[in-house]
Amino acid sequence: EQMDSTKKSKLIQGAVLTGIINAIINGGLQYFFLKDHDVIPISVDSITNNEKTVLGAAVMLAITLAMILTVVGYFTLKEKKVKFFPTALWITIKHGFFTFGIITSLAVLWQKYMGTVEVSLVSAIVIIGVIAGIVSAFIQYLTIISCMKDKI
């Protein structure tokens, strides 16, 4: 059975709302992790470093959010859904790797073309919040679409 346009619209609205809520919450939480820094580099030219960076924080946050939101999205889905094991478990793992790949690739491209750019604490929190919001919205949408037995 196909999902009607009203249901699809509600799904997208729910995903956007999830993204906004997560942007605010996770941006706020990052303040406590980064508050000791006046400026924070968006990225640095090193695979391993002990320096806090905006995109370094965003990568771990995005992976964690992707996997947690996939599991939560699965268990809160009221439609007929696929079995958790193995299907939704693999979707959870896939979302973690997918998010890692996208955010890490963007960080590498940023460093290659923009270099090490330092931003204020407020800018860092906003960037991380926006990334958390975008990841949350997409993962919420993808989880519901992937876990419903009756696809759009």
Side-chain angles (χ1 to χ4, degrees), residues 1-37 40-44 47-111 119 121-152:
E1 174 185 321
Q2 292 284 323
M3 182 182 289
D4 63 27
S5 61
T6 305
K7 208 172 196 182
K8 188 173 183 179
S9 176
K10 284 187 180 188
L11 173 60
I12 292 170
Q13 288 174 357
V16 169
L17 181 62
T18 297
I20 292 168
I21 291 168
N22 273 288
I24 294 167
I25 290 171
N26 288 291
L29 286 173
Q30 288 302 310
Y31 169 79
F32 296 101
F33 295 121
L34 301 172
K35 68 182 178 184
D36 298 334
H37 302 276
I40 302 156
I42 292 180
S43 64
V44 293
I47 289 179
T48 61
N49 68 68
N50 295 325
E51 193 172 353
K52 290 199 181 227
T53 65
V54 174
L55 294 177
V59 168
M60 286 311 300
L61 176 61
I63 295 167
T64 305
L65 267 177
M67 296 180 84
I68 289 171
L69 289 174
T70 301
V71 172
V72 169
Y74 173 83
F75 284 110
T76 58
L77 182 62
K78 292 177 180 35
E79 308 286 330
K80 286 195 305 187
K81 55 191 167 189
V82 299
K83 293 183 186 222
F84 183 78
F85 185 80
T87 309
L89 178 62
W90 283 117
I91 292 168
T92 302
I93 293 166
K94 178 182 82 172
H95 285 172
F97 280 111
F98 171 74
T99 304
F100 172 77
I102 296 288
I103 304 296
T104 303
S105 297
L106 291 174
V108 168
L109 290 171
W110 175 273
Q111 184 61 41
V119 296
L121 174 60
V122 172
S123 297
I125 290 168
V126 168
I127 293 167
I128 294 170
V130 167
I131 291 170
I134 292 169
V135 166
S136 298
F138 275 99
I139 293 300
Q140 177 73 14
Y141 181 82
L142 292 173
T143 296
I144 292 171
I145 296 303
S146 300
C147 291
M148 283 178 33
K149 280 202 171 187
D150 299 327
K151 306 289 185 197
I152 291 180

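Closest approach of Ala124 to Ile40, counting heavy atoms only: CB-CD1, 3.8 Å. Scanning both residues, Leu65 and Ser136, for their nearest heavy atoms gives CD1-OG, 3.7 Å. Contact between Thr53 and Ile42 at its shortest, heavy atoms only, is CB-O, 3.6 Å. Smallest separation of non-hydrogen atoms from His95 and Thr143: CE1-OG1, 3.4 Å. Here the closest heavy-atom approach between residue Gly28 and residue Ile125 is recorded as N-CG2, 4.5 Å. Nearest heavy atoms, Met148 versus Leu77: CG-CD2, 3.8 Å.
In this structure, OG1 on Thr104 lies 11.0 Å from CG on Leu109, to the nearest 0.5 angstrom. Here CG of Leu89 is found 14.5 Å from NZ of Lys83. Values are rounded to the nearest 0.5 Å. Ile139 contributes atom CD1, which lies 12.0 Å from atom CD1 of Ile68 (distance to the nearest 0.5 angstrom). Rounded to the nearest 0.5 angstrom, Ile145 CD1 and Leu142 CG are separated by 8.0 Å. Distance NZ/Lys78 to OG1/Thr76: 6.5 Å, rounded to 0.5 Å. Atom CE of Met60 is separated from atom CZ of Phe100 by 9.0 Å, given to the nearest 0.5 angstrom.
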Stepwise side chain to side chain contact (heavy atoms under 4.5 Å, CB included) check, Ile103 with Ile63: CA-CA 9 Å; Ile103 304 296; Ile63 295 167; over 6 Å; no
Ile131/Asn26 under side chain to side chain contact (heavy atoms under 4.5 Å, CB included): CA gap, chis, key distance, verdict: CA-CA 9 Å; Ile131 291 170; Asn26 288 291; over 6 Å; no
Please report the C-alpha distance between Leu61 and Gln30 in whole Å, then the side-chain angles of each, then the deciding distance to 0.1 Å, and finally whether the side chain to side chain contact (heavy atoms under 4.5 Å, CB included) criterion is met. CA-CA 9 Å; Leu61 176 61; Gln30 288 302 310; 4.2 Å; yes
Take Leu34 and Ile128 through the side chain to side chain contact (heavy atoms under 4.5 Å, CB included) test and state the conclusion after the steps. CA-CA 11 Å; Leu34 301 172; Ile128 294 170; 3.8 Å; yes
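Ser9 contributes no side-chain N or O that, together with a main-chain N or O of Ser5, makes up a donor-acceptor pair within less than 3.5 Å.
The shortest side-chain heavy-atom distance between Leu55 and Leu106 does not fall under the 4.5 Å cut-off. The closest side-chain heavy-atom distance from Met67 to Phe97 is not below 4.5 Å. Proximity of Leu69 to Asn22: side-chain heavy atoms (C-beta onward) are separated by under 4.5 Å at one or more points.
Dense packing is recorded around OH of Tyr74, with more than 12 heavy atoms of other residues, nucleotides or ligands lying under 6.0 Å away.
Every residue two or more places apart in sequence or in another chain that forms a ring pair (Phe, Tyr, Trp, His ring centres under 6.0 Å) with Phe75 is listed here: Phe84.
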